[in-house]
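Here the structure is laid out as structure tokens; the discussion comes afterwards.
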Amino acid sequence: MYFILLITVLVTAVVLVVAAFVIAKLMGPRTYNKVKGEPFECGVPTRGSSWIPVHVGYYLFAILFLVFDVETVFLYPWAVVVKDFGVMAMVSIGFFLLVLVFGLAYAWRKGALEWK
């Protein structure tokens with residue numbers, strides 16, 4: 001029963017994607033302009049090479065932001081049902097927060113939070 005449903009969903013997804021590509025190809029504009037192929041950022045033409053090195057601190061800061069953002073996403077449903085699970089819920093979330101605090105302390109010690 002579920003296998004037929006899975007096949008139906010997959011076939012429908014493939015048909016819709018192919019149909020979208022075909023319709024876009026048939027109805028889309030067919031003109032080419034040299035300016036369309038040039039790279040630009042925020043409407044300002046680029047000067048020099050677009051391949052400039054970016055400091056790794058930006059990536060580390062972004063990863064830390066994502067870690068604590070995901071933490072918030074996991075803490076909300078936990079807070080809703082914490083009374084139903086009792087002491088085991090407190091122990092498990094305490095371990096979860098401890099791992100995150102150790103990660104933050106490690107990043108702080110390595111200087112990932114300092115802008116140089």
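The figures here come from the full heavy-atom set of this structure, side chains too, leaving out hydrogens, waters and symmetry mates.
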Exercise. For Val73, what are the other residues in its hydrophobic cluster, where any two members join if their side-chain heavy atoms are less than 4.5 angstrom apart?
Worked result: none
Exercise. Does any non-hydrogen side-chain atom of Ile7 lie less than 4.5 Å from one of Phe3?
Worked result: yes
Exercise. In the single-linkage hydrophobic clustering (I, L, V, M, F, W, Y; side-chain heavy atoms under 4.5 Å), do Val91 and Leu97 co-cluster?
Worked result: no
Residues 9-20 side chain polar contacts: donor-acceptor under 3.5 Å, at least two apart:
residue : atom : partner : partner atom : Å
Thr12   : OG1  : Thr8    : O            : 2.7

For this session: Linking directly or through intermediates, with side-chain heavy atoms under 4.5 Å: list the remaining ILVMFWY members grouped with Ile4, chain and number order.
Result: none
For this session: Give the cluster check for Leu100 versus Val82: same hydrophobic cluster or not, with ILVMFWY residues linked at side-chain heavy-atom distances below 4.5 Å.
Result: yes
For this session: Please check if Leu75 and Val67 belong to a single hydrophobic cluster, counting links between Ile, Leu, Val, Met, Phe, Trp and Tyr side chain heavy atoms closer than 4.5 Å.
Result: yes
Exercise. Which other residues end up in the same hydrophobic cluster as Met27, if Ile, Leu, Val, Met, Phe, Trp and Tyr are linked when side-chain heavy atoms come under 4.5 Å apart?
Worked result: Ile23
Problem set entry | Pairs flagged by ring pair (Phe, Tyr, Trp, His ring centres under 6.0 Å) wherever residues 69-114 is involved - sequence neighbours left out | none
Problem set entry | Qualifying residues under ring pair (Phe, Tyr, Trp, His ring centres under 6.0 Å), relative to Tyr58, sequence neighbours excluded | Trp115
